[in-house]
Amino acid sequence: MSIVYMASDHAGIQLKAFLVKHLGDKGHEVHDLGPDSEISCDYPDSARTLTDALLQREAAFGILICGTGIGMSMAANRVHGIRAALATCEFHARACRAHNNANVLCLGARVTGQGLAADLADIFLSTPFEGGRHLRRVQKFD
Ligand code: RB5
């Protein structure tokens, strides 16, 4: 089971609530960093709240949700140590862990429905990093 930090903006709050329950029911240690209302807010602030929390923990993952997933991935990837991947299909969710050692999954609530989002989160959290040549490449990020 994984430690999972979750945050969204107003566009992602309903999908976040769904995934908090889904992942909690599966036994993951889920931390919902908000927001808890649909009042309009700025996704870079939510991304920063999550990346600050994530970098305090060993071997934890993050899930960020906005309307498209694009803004969250752009914002999160500005933070050193964060490898955030926008996933819209199962292959993305698997490959971003296996090849890129992603530590943050970004989802678009206006793109991805609840059922697929649950599958993407499950795949993301259960796929190990393959290391080897992929480690060499990921190390070149820094
Ligand atoms: C909010 O309207 C929307 O711009 C935001 O959720 C996100 O999609 C940005 O990338």
Side-chain angles (χ1 to χ4, degrees), residues 1-131 134-142:
M1 291 299 114
S2 300
I3 300 161
V4 187
Y5 289 92
M6 299 194 60
S8 74
D9 69 356
H10 53 285
I13 193 166
Q14 290 185 15
L15 183 57
K16 174 168 66 67
F18 172 80
L19 289 177
V20 165
K21 177 165 185 347
H22 171 77
L23 296 175
D25 287 349
K26 291 212 151 198
H28 296 288
E29 178 187 321
V30 182
H31 301 270
D32 184 354
L33 302 178
D36 54 16
S37 88
E38 293 192 36
I39 295 170
S40 181
C41 61
D42 296 338
Y43 59 84
D45 297 334
S46 305
R48 192 54 187 253
T49 297
L50 183 138
T51 57
D52 283 350
L54 184 59
L55 292 173
Q56 301 299 314
R57 294 288 291 265
E58 284 285 321
F61 293 104
I63 298 178
L64 285 168
I65 308 169
C66 62
T68 60
I70 294 171
M72 284 295 197
S73 60
M74 288 179 167
N77 277 316
R78 300 297 288 268
V79 178
H80 189 266
I82 297 299
R83 295 173 301 280
L86 170 60
T88 57
C89 65
E90 290 90 341
F91 184 75
H92 282 158
R94 186 173 298 106
C96 76
R97 285 288 309 127
H99 289 197
N100 311 118
N101 199 18
N103 53 6
V104 176
L105 173 68
C106 297
L107 298 171
R110 294 172 179 161
V111 180
T112 302
Q114 290 184 347
L116 178 56
D119 285 349
L120 299 182
D122 292 345
I123 291 167
F124 179 82
L125 294 174
S126 62
T127 303
F129 179 46
E130 290 180 5
H134 302 298
L135 176 61
R136 182 182 73 243
R137 292 161 183 166
V138 169
Q139 284 173 333
K140 290 188 176 185
F141 291 171
D142 298 323

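Both ligands and their constituent atoms are indexed starting at 1 by order of listing.
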Residues Glu38 and Gln14: side-chain donor-acceptor under 3.5 angstrom: yes
Within-cut-off N or O pair, Tyr43 and ligand 1, under 3.5 Å: no
Contacting atoms of ligand 1, where contact means under 4.0 angstrom from a heavy atom of Ala11: 6 (O)
Residue from Val20, Leu19, Val4 passing side-chain contact (heavy atoms from CB on, under 4.5 Å) with Asp32: Val20
Shortest protein contact, atom 3 (C) of ligand 1 (heavy atom only): Arg110 NH1, 3.8 Å
Closest protein heavy atom (residue, atom, distance) for atom 8 (O) of ligand 1: Thr68 N, 2.9 Å
Heavy-atom nearest neighbour of atom 10 (O) of ligand 1 within options Gly12, Gly71, Cys41, Ala75: Gly71
Short N or O distance, Gly67 and ligand 1, threshold 3.5 Å exclusive: yes
Heavy-atom donor-acceptor pair, Asn100 side chain to Ala102 backbone, under 3.5 Å: no
Ile3: which of His28, Arg57, Glu58 passes side-chain contact (heavy atoms from CB on, under 4.5 Å): Arg57
Residue and atom name of the nearest protein heavy atom (relative to atom 6 (O) of ligand 1), distance in Å to one decimal: Asp9 OD2, 2.6 Å
Between His92 and Glu90: side-chain donor-acceptor atoms closer than 3.5 Å: no
Region of His10 engaging ligand 1 - heavy atom pairs below 4.0 Å: side chain
Aromatic plane relationship, Phe61 with Phe124 - under 30° parallel, 30 to 60° tilted, over 60° perpendicular: perpendicular
Contact check, Met72 vs ligand 1, heavy-atom distance below 4.0 Å: no
Rounded distance [0.5 Å steps], OG1 in Thr68 versus CG in Leu86: 7.0 Å
